[in-house]
2 protein chains.
Amino acid sequence: MPTDNSPKTLRTTATSIEILKQLEAIDGARVSEIAERMDKPKSTIHGHLATLKQEQFVIKEGDFYFIGPELLRLGNQVRTREPAFVLARQFTERLFEETRLRSIFTVEMGGKAVFLHTASGSKMGWSHEQLGNRLFLHNTAVGKAILAELPEPRIEQIIDRWGLPQETENTTTDREALFEELERVRDQGYAVNRAENFNELYAIGVAATRRSGDVIGGFSVTGPAHSVTGEDRKAELAHTVKDIVSEFELELALA
Amino acid sequence: MPTDNSPKTLRTTATSIEILKQLEAIDGARVSEIAERMDKPKSTIHGHLATLKQEQFVIKEGDFYFIGPELLRLGNQVRTREPAFVLARQFTERLFEETRLRSIFTVEMGGKAVFLHTASGSKMGWSHEQLGNRLFLHNTAVGKAILAELPEPRIEQIIDRWGLPQETENTTTDREALFEELERVRDQGYAVNRAENFNELYAIGVAATRRSGDVIGGFSVTGPAHSVTGEDRKAELAHTVKDIVSEFELELALA
DNA sequence: CCAGCCGTTCGACTATCCTGAATTTTAAAT
DNA sequence: ATTTAAAATTCAGGATAGTCGAACGGCTGG
């Protein structure tokens, strides 16, 4: 009776997943705690947890349940599905070595940019850059770099699905303006994010493609806007990213 | 009616998970393919996939379903749960830099060693060293290093749960012998795996503990047995690993 | 243009999930 | 030790909701 949002969807599986999300939020919880939060009887939660436990989707330590290793293993399959994704890891790290800026590798899934690799030295990244997180394509550097390489109908499709939501005052919300920018991206060979999804952030992104032409994903470097200043510094950075991507594409082609 | 292995366990959730595992095995599948493999009607599978899709546990591309980004995100929470785990990543990489041997960081979950970080340069690791995979504690270097730091009742508990299965002819299957070895590990400050779970592999593992004394996890380096020869080479390696772990513990204490 | 295959929808049946109460276990407090 | 309380787990009945098979419609390839 609650939210009958979509067509025939399985409530049982949905509850199991909801429990997993609760376990993620509050870190390691007991049966009653979850039961209370979800406003469901303890016995119900218990049943779900028992099932998830037997699959190692959660593990139990004393009376506390935690997200389990099998979920990590399955989820990571996303990062190892294609050899190109695996190879991208070391290039993400090299990108960081050379720029000393937070470096990431993302791929397009369902019209969004999904983080597959990050490299940032000691600092533990911001939460929105956790692996598996999704960002929009229209207001990020990698996103625009990837968009620029997609066939036009696909671009349309993605815009139709997600729209062009405004996240800062710099976000491009106009369809025409976006297409013009993508054209510029294609010319330059890289895309720029000038605080379009988070204030004070500047990023440069470049898409990686196969010889066939279809895109694999995108690399980018991000830094505080005030620390990345001067046109030559920016040009130099763009050059570095493009170089790394070229090497990546080359090594992939040879393998 | 098929396998009523455990007590009250939810069949619906179990099927959903089974579907995810199928998706992992054959990479990206269509409804009928999974339906056939699981010997269930297409409509049933369709329902599950619809639910999983709405939670982004799978994504759909054309008629193919793949494991989705939300699963990656949730699973990775295991690696970011504790700040110590996050910090361990860069030390795993430093370990690789210094030894040029495949380096890993694992933690103990449910009596097994779970891979949280790996570093191995370009080579894409073996499948059994994928993140989230679980190895025994009694026949691995990290495993024994971790065991050696656990309170005795806990060790007993773990052995009772998993036994001491033999995986190569070098595996220690005798309880007494294992305890003697753990004593040696405590003396030396490191543990050795002499092809005890895979032939031809040699590994050195060291456990990392908090100042309170309880263990965080373990680091180890692994190489082909024939490439790690000579007592001094081995001693040198052990020294390197112990050093890295010390630094790790120190930095953690300071933070 | 036709034929087959596949994904999706739909309604009825009934398996099974949910629930609240009973039971056991654990932990705390006196 | 003894008692109390709270939490985890088990259980069985009843109603919900997942399963199933058939039918529809869209796509692809011959």
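Just so we're on the same page: letters track the sequence lines, and every chain starts at 1.
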>> Treating primed atoms plus P, OP1 and OP2 as sugar-phosphate and everything else as base, which nucleotides of nucleotides 19-30 of chain D get B, S or - for protein heavy atoms under 4.0 Å?
In response: SBB---------

>> Applying ring-ring contact (aromatic ring centres under 6.0 Å, His included) as the test, list every pair that has at least one member in residues 135-156 of chain B; sequence neighbours left out.
In response: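 Non-adjacent pairs meeting ring-ring contact (aromatic ring centres under 6.0 Å, His included): B:Phe136-B:His138.
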
> Relative to the ring of B:Phe248, is the ring of B:Phe91 parallel (under 30°), tilted (30 to 60°) or perpendicular (over 60°)?
Replying inline: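 It falls in the perpendicular class, over 60°.
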
>> Tell me whether the count of non-hydrogen atoms from other residues, nucleotides or ligands lying under 6.0 Å of CD in B:Glu36 goes above 12.
In response: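 Atom CD in B:Glu36 is not crowded, with 12 or fewer foreign heavy atoms closer than 6.0 Å.
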
>> If the condition is side chain to side chain donor-acceptor pair (under 3.5 Å), which residues does A:Gln166 pass it with, not counting sequence neighbours?
In response: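 Partners of A:Gln166 by the side chain to side chain donor-acceptor pair (under 3.5 Å) criterion come out as none, since no residue qualifies.
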
> What residues form a side chain to side chain donor-acceptor pair (under 3.5 Å) with B:Glu70, not counting sequence neighbours?
Replying inline: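 By the side chain to side chain donor-acceptor pair (under 3.5 Å) rule, B:Glu70 matches A:Arg134, B:Arg73.
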
> Is the phosphate of D:dA8, meaning OP1 or OP2, less than 4.0 Å from a side-chain N or O of A:His46?
Replying inline: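 No, outside the criterion.
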
>> Whole angstroms only, please: what is the CD1-P distance between A:Ile45 and C:dC17?
In response: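 After rounding, the gap between these two atoms is 15 Å.
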
> Quick check: does any side chain N or O of B:Ser16 sit under 3.5 Å from a backbone N or O of A:Thr13, one acting as donor and the other as acceptor?
Replying inline: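 Not at all, since once roles are kept as given, no pair shorter than 3.5 Å links the two residues.
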
>> What residues from residues 30-38 of chain A pass a heavy-atom cutoff of under 4.0 Å to DNA chain D?
In response: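 Result for residues 30-38 of chain A: A:Arg30, A:Val31, A:Ser32, sorted by number.
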
>> Tell me which residues in residues 57-71 of chain A lie within less than 4.0 Å of DNA chain C, going by non-hydrogen atoms.
In response: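 Contacts with DNA chain C under 4.0 Å: none.
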
>> Check this for me, if you would: do B:Arg175 and B:Glu156 make a salt bridge, where the nitrogen-to-carboxylate-oxygen distance has to be below 4.0 angstrom?
In response: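 Looking at B:Arg175 and B:Glu156, the cut-off is met.
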
> Between B:Glu18 and B:Lys21, is there a side-chain N and carboxylate O pair less than 4.0 Å apart?
Replying inline: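 Between B:Lys21 and B:Glu18 there is no salt bridge, as every charged N stays at least 4.0 Å from the carboxylate O atoms.
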
>> Using the side-chain contact (heavy atoms from CB on, under 4.5 Å) definition, which of the options B:Ile146, B:Thr106, B:Leu135 pairs with B:Thr140?
In response: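 Answer after filtering B:Ile146, B:Thr106, B:Leu135: B:Leu135.
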
> How close do B:Ala207 and B:Glu249 get, heavy atom to heavy atom, and via which atoms?
Replying inline: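 Shortest heavy-atom separation between B:Ala207 and B:Glu249 comes out as O-OE2, 3.9 Å.
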
